[in-house]
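Keep in mind that this is a model prediction, so the values were computed, not measured. For the numbers below, each heavy atom of this structure counts, side chains included, while hydrogens, waters and symmetry mates do not.
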Amino acid sequence: MDAGIRTMLTWVGWGVGMASLAWPGRFYFVASYKAIRSRTVSLHVPITLALVVGAIAGTANVVLGRGDIYFDSLSMLVLLLLVGRFIQHRQQRRAESSVELLFALTPQTARVVRDGEAHEVAIESVHSGDLVEVRSGELLPADGIVET
């Protein structure tokens with residue numbers, strides 16, 4: 001490959017790599033800044049450190065015209081991390097909707113039998129040992145032993 005073409009492609013790779021760090025990778029820089037500022041531990045800090053070190057080493061090699069430029073690896077790292085984050089958020093949304101459906105199926109009240117009469121009470125008022133009346137077709141409001 002001609003030296004001029006190689007130099008041009010190196011600079012194009014640098015530009016594309018810096019753009020991938022600046023736009024999609026900015027999430028990690030902002031999250032790391034917030035973590036460091038609040039003095040908390042975050043996985044974003046070592047990721048950002050790796051991206052910054054790779055960008056500095058790659059930029060130095062582009063300017064000096066020697067060695068590897070690393071921007072293809074950095075761009076792939078950002079891509080894979082963002083895909084993983086997308087999958088994680090999607091699974092969290094699914095889990096949240098499943099929990100919401102589970103709460104929607106749970107009755108809010110129960111009929112507790114006291115002194116021979118059934119009284120409608122909040123589900124939080126049902127205690128261990130209470131006798132709960134459940135009519136045909138209703139959901140069971142609590143765990144227990146079925147008596148007929």
Decide whether Met18 and Leu82 are clustered together by the hydrophobic rule: side chain heavy atoms of Ile, Leu, Val, Met, Phe, Trp, Tyr closer than 4.5 Å, transitively.
yes
Kindly give the heavy-atom pair with the smallest separation between Arg135 and Glu133, and that separation in Å.
NH2-OE1, 3.9 Å
side-chain contact (heavy atoms from CB on, under 4.5 Å) evaluation trace for Thr7 with Trp11
CA-CA 6 Å; Thr7 302; Trp11 280 99; 3.7 Å; yes
Separation between OH (Tyr33) and OG (Ser38), nearest 0.5 Å, reads 10.5 Å
Under 3.5 Å: donor-acceptor pair, side chain of Ser125, backbone of Val121
no
Arg66 atom CZ, over 12 foreign heavy atoms within 6.0 Å
no
Are Val134 and Pro141 close enough that some pair of their side-chain heavy atoms sits under 4.5 Å apart?
yes
Output for pair (Ile5 CD1, Thr10 OG1), nearest 0.5 Å, gives 11.0 Å
Using side-chain contact (heavy atoms from CB on, under 4.5 Å), reason through Glu147 and Leu131 one step at a time and then give a plain yes or no.
CA-CA 9 Å; Glu147 294 180 8; Leu131 182 62; 4.0 Å; yes
Please report the closest heavy-atom contact between Ala110 and Val126, naming both atoms and the distance.
CB-CG2, 3.8 Å
Nearest atoms (heavy-atom pairs only) where Phe29 meets Leu21
CE1-O, 3.3 Å
Going through the checks in order, is the side-chain contact (heavy atoms from CB on, under 4.5 Å) test met by Ile123 and Thr109?
CA-CA 5 Å; Ile123 196 71; Thr109 60; over 6 Å; no
Applying a strict under-4.5 Å side-chain criterion to I, L, V, M, F, W and Y, I'd like to know whether Val52 and Tyr70 cluster together.
no
Full working for side-chain contact (heavy atoms from CB on, under 4.5 Å) between Glu120 and Val112:
CA-CA 6 Å; Glu120 192 89 14; Val112 177; over 6 Å; no
Using the rule that two of Ile, Leu, Val, Met, Phe, Trp, Tyr join whenever any of their side-chain heavy atoms come within less than 4.5 Å, decide whether Met76 and Phe86 are in one cluster.
yes
Would you compute the distance between atom CD of Glu96 and atom NE2 of His89 and round it to the nearest 0.5 angstrom?
10.5 Å
Donor-acceptor check, side chain of Thr106 to backbone of Leu102, threshold 3.5 angstrom: yes or no?
yes
Could you tell me which non-hydrogen atom of Arg94 sits nearest to which non-hydrogen atom of Ser97, and how far apart they are?
O-OG, 2.9 Å
In Å, rounded to the nearest 0.5 Å, how long is the span from CG of Leu81 to CD of Gln88?
11.0 Å
Just by modelled atom types, is the Gly17 backbone N or O under 3.5 Å from a matching donor or acceptor in the Ser20 side chain?
yes
Report whether Val45 and Val30 are members of the same hydrophobic cluster (ILVMFWY, side-chain heavy atoms less than 4.5 Å apart, transitive linking).
no
Any side-chain heavy atom of Trp14 within less than 4.5 Å of one from Thr59?
yes
Please check if Val132 and Val146 belong to a single hydrophobic cluster, counting links between Ile, Leu, Val, Met, Phe, Trp and Tyr side chain heavy atoms closer than 4.5 Å.
no
Distance check, rounded to the nearest 0.5 Å: Leu49 atom CG versus Tyr28 atom OH?
15.0 Å
Can we call the ring centroids of Phe27 and His44 under 6.0 Å apart?
yes
What is the distance from atom OG of Ser32 to atom CD1 of Ile47, rounded to the nearest 0.5 Å?
7.5 Å
So, Asn61 side chain and Asp68 main chain: donor-acceptor pair closer than 3.5 Å or not?
yes
